[in-house]
J.: 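One structure follows; several queries about it will come next.
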There are 2 protein chains.
Amino acid sequence: MARPTIADIALRAGVSKGAVSFALNGRPGVSEATRERILRIAEQMAWRPHSAARALGASRVDSVGMVIARPARTLGVEPFFAHLLSGVQSGLSAESISLQLLIVEDTEAEIEMYKRWTSEHRVDGVILVDLTVRDPRIDELKALELPAVVIGGRGGKGQLPSVWADDRDAMLTIVEYLAALGHRRIAHVAGTPIFQHTQRRIRAVRDAAPRLGLLDAPSLTTDFSDAEGAATTRRLLAQADRPTAIVYDSDVMAVAGLGVAMEMGVSVPGDLSIVAFDDSILTQLMHPALTAMSRDTFDFGRQAAEVLLSVIANPATMINRRTADPVLTVRESTAPPA
Amino acid sequence: MARPTIADIALRAGVSKGAVSFALNGRPGVSEATRERILRIAEQMAWRPHSAARALGASRVDSVGMVIARPARTLGVEPFFAHLLSGVQSGLSAESISLQLLIVEDTEAEIEMYKRWTSEHRVDGVILVDLTVRDPRIDELKALELPAVVIGGRGGKGQLPSVWADDRDAMLTIVEYLAALGHRRIAHVAGTPIFQHTQRRIRAVRDAAPRLGLLDAPSLTTDFSDAEGAATTRRLLAQADRPTAIVYDSDVMAVAGLGVAMEMGVSVPGDLSIVAFDDSILTQLMHPALTAMSRDTFDFGRQAAEVLLSVIANPATMINRRTADPVLTVRESTAPPA
DNA sequence: TTCGGGAGCTATACCGGTTTATCAATCCCT
DNA sequence: AGGGATTGATAAACCGGTATAGCTCCCGAA
């Protein structure tokens with residue numbers, strides 16, 4: 001017999017469907033002896049719940065969704081998402097909840113997907129990434145009453161539950177480290193200002209500058225691409241009093257920046273120190289290997305999954321969990337200024 | 001009213017549930033006039049099918065699965081998967097089929113997942129990647145009668161439907177190009193020999209060597225990691241008659257190899273030409289930028305999705321589709337030997 | 001002795017669709 | 001005009017679970 005149902009088990013155990021359901025779900029209504037007998041038979045027949053049937057009766061589908069709204073081209077270079085994903089999965093697999101992943105072009109398509117998922121009952125909740133300033137997704141999700149957790153954005157009032165790392169603190173660590181080495185001209189090649197984390201990093205640099213006696217600490221925004229990272233670096237290094245250290249908001253831009261420095265005959269770390277805000281194999285492959293801020297992205301994802309599950313269980317909960325702080329991994333690309 | 005059901009629509013249209021179902025699915029049984037009326041009402045009420053209910057009645061869940069069995073660490077560096085994924089999705093979204101993605105540690109866990117998906121009716125079919133020699137997954141999937149399509153492995157007899165690119169031809173193109181430049185000592189830093197595509201590439205090099213008058217054309221296997229790529233390169237360059245060109249089976253290894261060359265004072269492309277078998281932003285970020293074999297990975301995924309859908313529709317079909325041939329993108333890392 | 005109540009189980013409704021058997025009305029053909 | 005086929009629709013079964021009302025014992029307290 002292919003794919004036994006609880007009716008088959010009931011028949012074989014000589015009890016009713018209901019009794020089998022009780023036994024399999026560990027709820028009261030059957031004696032311990034009967035429960036064990038049923039469980040043994042179910043095991044023997046290799047029974048597995050039919051996910052659709054369960055989803056129809058109860059109203060959970062044991063599945064959560066995650067939409068990434070980025071052009072595929074810019075995705076995947078950074079190990080960030082891969083690590084995040086496996087972290088999320090490890091958090092979910094404990095409860096054997098499955099993950100639906102979607103890569104779309106823009107936020108509009110992303111929101112459209114949330115609507116569809118909700119109306120078709122395909123997911124119990126979603127995980128949001130790349131939180132922007134005044135993110136339109138937040139209101140939409142609240143309207144849909146779809147449980148959600150935000151990764152990377154600290155939830156303010158009226159926000160969604162979140163899991164976040166302290167970007168501000170991390171950036172301060174970098175800048176203080178560079179200042180301690182003796183750098184006074186530090187530039188920051190930032191990402192897109194629409195992202196909240198970009199804003200927080202820019203603000204951190206600006207706030208720290210006077211305290212550390214920095215002469216100049218400009219934050220220059222880019223679109224996170226290697227091209228703009230390179231172009232910005234070129235501009236910075238062509239200045240009369242060029243910076244002696246540059247902090248990049250991503251590893252890809254840092255690598256592109258390193259390339260520009262080499263091309264312009266600026267030695268790293270001799271004439272220029274480079275720090276990447278985000279670590280990956282990329283930074284380690286370079287010569288010199290790049291000093292970088294590393295986060296435990298896997299754990300990040302795992303925690304997001306945990307929080308989401310508790311939000312699904314109880315939609316009223318509001319959790320804003322702060323994860324382990326990122327640590328600065330010092331490699332060969334930083335040194336005292338000449 | 002939240003989430004209207006077909007019963008609501010039936011009530012409003014003054015017809016039976018059955019009639020509504022017929023109308024919504026474009027099957028005969030209702031008149032054109034009634035059908036239009038029902039469709040208009042459904043539209044008005046913003047009706048969407050409840051995926052679980054549909055999956056229970058009919059026996060398809062409009063969802064396909066993809067399991068990637070690799071340690072998360074090695075994943076994500078290569079844009080390969082990200083591009084493949086979005087390609088698969090673009091192929092699926094046309095039919096609004098969703099994708100379940102799973103990253104697991106090993107093949108055993110992967111097979112376990114297929115069993116679970118099958119018994120729980122969570123997916124209609126799966127996409128396989130990283131085909132190995134005598135891959136155990138093939139037999140398992142056949143036993144489960146789960147529709148599947150293999151990416152990257154040409155299906156022999158008794159195999160599964162597949163979508164593949166011509167690795168052999170691509171490798172020949174690279175070797176011939178290097179030979180035409182004048183190289184006679186070409187080394188091949190290959191991946192793991194358990195992968196079928198690795199085998200095909202190794203064989204291609206071996207077969208082409210005598211025809212092209214190569215003095216030496218060793219293929220050295222690695223685990224695809226940057227570490228082994230670097231170590232192997234170091235060994236090759238330390239030899240008495242070291243190769244004048246090295247072909248790497250992945251972009252990451254090629255980058256690592258470039259690092260070793262620089263470190264050992266071997267100039268690229270002056271003393272050594274480097275070719276990466278797989279293109280990405282990584283190769284373009286380097287100085288010199290790496291000559292690489294580029295494939296249309298997005299299209300690869302899209303076609304896999306297409307093939308899978310037709311296999312699901314008709315499980316008897318056996319398609320072995322060959323995708324567009326990869327092309328060699330020549331950049332700055334290749335030149336005639338000194 | 002009677003009654004209340006809980007434990008253990010059954011029967012059945014239900015979730016939201018799809019599918020099939022059935023039926024009335026109409027049309028066609030001879 | 002009568003009989004068979006076709007069209008347009010309905011009612012009901014069904015998919016595989018979950019939830020609930022209700023039934024039967026059996027035990028203990030009044």
Side-chain angles (χ1 to χ4, degrees), chain A residues 1-39 41-42 45-63 96 116-124, chain B residues 1-39 41-42 45-63 96 116-124:
Chain A
M1 169 186 318
R3 326 233 185 289
T5 71
I6 56 166
D8 298 323
I9 298 177
L11 195 68
R12 193 121 132 207
V15 295
S16 69
K17 269 173 59 179
V20 174
S21 178
F22 290 145
L24 292 171
N25 292 297
R27 15 171 76 251
V30 285
S31 65
E32 224 21 71
T34 313
R35 179 189 307 280
E36 292 214 350
R37 190 158 49 86
I38 293 176
L39 287 179
I41 293 177
M45 301 179 79
W47 175 87
R48 287 308 192 87
H50 188 303
S51 61
R54 183 168 268 177
L56 192 53
S59 30
R60 83 212 127 92
V61 288
D62 287 346
S63 172
S96 61
R116 253 190 67 188
W117 275 348
T118 306
S119 57
E120 297 184 0
H121 299 80
R122 274 187 182 276
V123 298
D124 294 323
Chain B
M1 171 185 319
R3 328 234 183 289
T5 70
I6 56 166
D8 299 323
I9 297 177
L11 195 69
R12 190 118 136 210
V15 294
S16 68
K17 269 173 58 179
V20 175
S21 178
F22 290 145
L24 292 171
N25 292 297
R27 12 172 78 251
V30 285
S31 66
E32 225 19 75
T34 313
R35 178 188 308 279
E36 292 217 349
R37 192 160 47 88
I38 291 175
L39 287 179
I41 293 177
M45 301 178 80
W47 175 87
R48 289 307 192 87
H50 189 303
S51 60
R54 182 167 270 176
L56 192 52
S59 29
R60 83 210 128 93
V61 288
D62 287 347
S63 172
S96 63
R116 252 190 67 187
W117 275 348
T118 306
S119 56
E120 297 184 0
H121 299 81
R122 274 187 182 277
V123 298
D124 294 323

J.: What nitrogen or oxygen pairs link the protein and nucleotides 11-14 of chain D at under 3.5 Å?
T.:
none

J.: Can you tell me how far the CH2 atom of B/W117 sits from the OG atom of A/S51, to the nearest 0.5 Å?
T.: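 Here the rounded value is 11.5 Å.
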J.: Of the candidate nucleotides D/dT18, C/dT10, D/dG16, which contains the atom at the shortest distance from the side chain of A/R54?
T.: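 Closest nucleotide among those given: D/dT18.
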J.: Between the two ends of the helix from C/dT1-D/dA30 to C/dT30-D/dA1, what is the bend in degrees, rounded to 10 degrees, where each end axis spans five pairs?
T.: 50°
J.: Does a side-chain heavy-atom distance below 4.5 Å link B/W47 with B/L24?
T.: yes
J.: Can you tell me the distance, in whole Å, between the CG atom of A/D62 and the C1' atom of D/dG16?
T.: 15 Å
J.: Mind checking the CD1-CZ spacing from B/I38 to B/R35? Nearest 0.5 Å is all I need.
T.: 8.5 Å
J.: Which is it for B/H50 and B/T5 under the side chain to side chain contact (heavy atoms under 4.5 Å, CB included) test, yes or no, and what are the steps along the way?
T.: CA-CA 8 Å; B/H50 189 303; B/T5 70; over 6 Å; no
J.: So which of residues 23-37 of chain B are in contact with DNA chain C, with a heavy-atom cut-off of under 4.0 Å?
T.: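 Contacting residues: B/N25, B/R27.
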J.: Could you state the CG-P distance from B/D8 to C/dC15, rounded to the nearest angstrom?
T.: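 Distance, rounded to whole Å: 11 Å.
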J.: Using residues 9-22 of chain A as the side-chain source, report each donor-acceptor pair under 3.5 Å to any protein atom, sequence neighbours left out, with the distance given to one decimal.
T.:
| from | atom 1 | to | atom 2 | distance (Å) |
| --- | --- | --- | --- | --- |
| A/R12 | NH2 | A/Q44 | OE1 | 3.2 |
| A/S16 | OG | A/A19 | N | 3.3 |

J.: How long is the line joining CD1 of B/I38 and P of C/dT18, in whole Å?
T.: 12 Å
J.: Of the listed nucleotides (D/dG17, D/dT10, C/dG17), which one gets closest to any side-chain atom of A/W47?
T.: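 Closest nucleotide among those given: D/dG17.
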J.: Let me confirm one number: the CZ-CG distance from A/R37 to A/L39, rounded to the nearest 0.5 Å.
T.: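 If I round to the nearest 0.5 Å, the distance is 11.0 Å.
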J.: Contact between A/R122 and A/V61 at the side-chain level, heavy atoms closer than 4.5 Å - yes or no?
T.: no
J.: So which heavy atom on B/A55 is nearest to which on A/A52, and how close?
T.: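 Residues B/A55 and A/A52, closest heavy atoms: CB-CB, 3.6 Å.
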J.: Please enumerate all residues that pass salt bridge (charged side-chain N to carboxylate O under 4.0 Å, His left out) together with B/R48, with sequence neighbours excluded.
T.: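 Salt bridge (charged side-chain N to carboxylate O under 4.0 Å, His left out) list for B/R48, sorted by chain: A/E120.
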J.: Picking from C/dG17, D/dT10, D/dG16, which would you name as closest to the side chain of A/L56?
T.: D/dG16
J.: Students often get this wrong, so: under 4.0 angstrom with heavy atoms, is B/V20 touching a base, only sugar-phosphate, or nothing?
T.: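 Nothing, no nucleic acid heavy atom in range.
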J.: Using the side chain to side chain donor-acceptor pair (under 3.5 Å) criterion, which residues pair with A/T34? Sequence neighbours excluded.
T.: A/S31
J.: So how far is it from A/I6 CD1 to A/N25 CG, rounded to the nearest 0.5 Å?
T.: 9.0 Å
J.: Using atom CG of A/L11 as one end and atom P of D/dG16 as the other, report the distance to the nearest whole Å.
T.: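 Taking atom P of D/dG16 as the reference, CG of A/L11 is at 14 Å.
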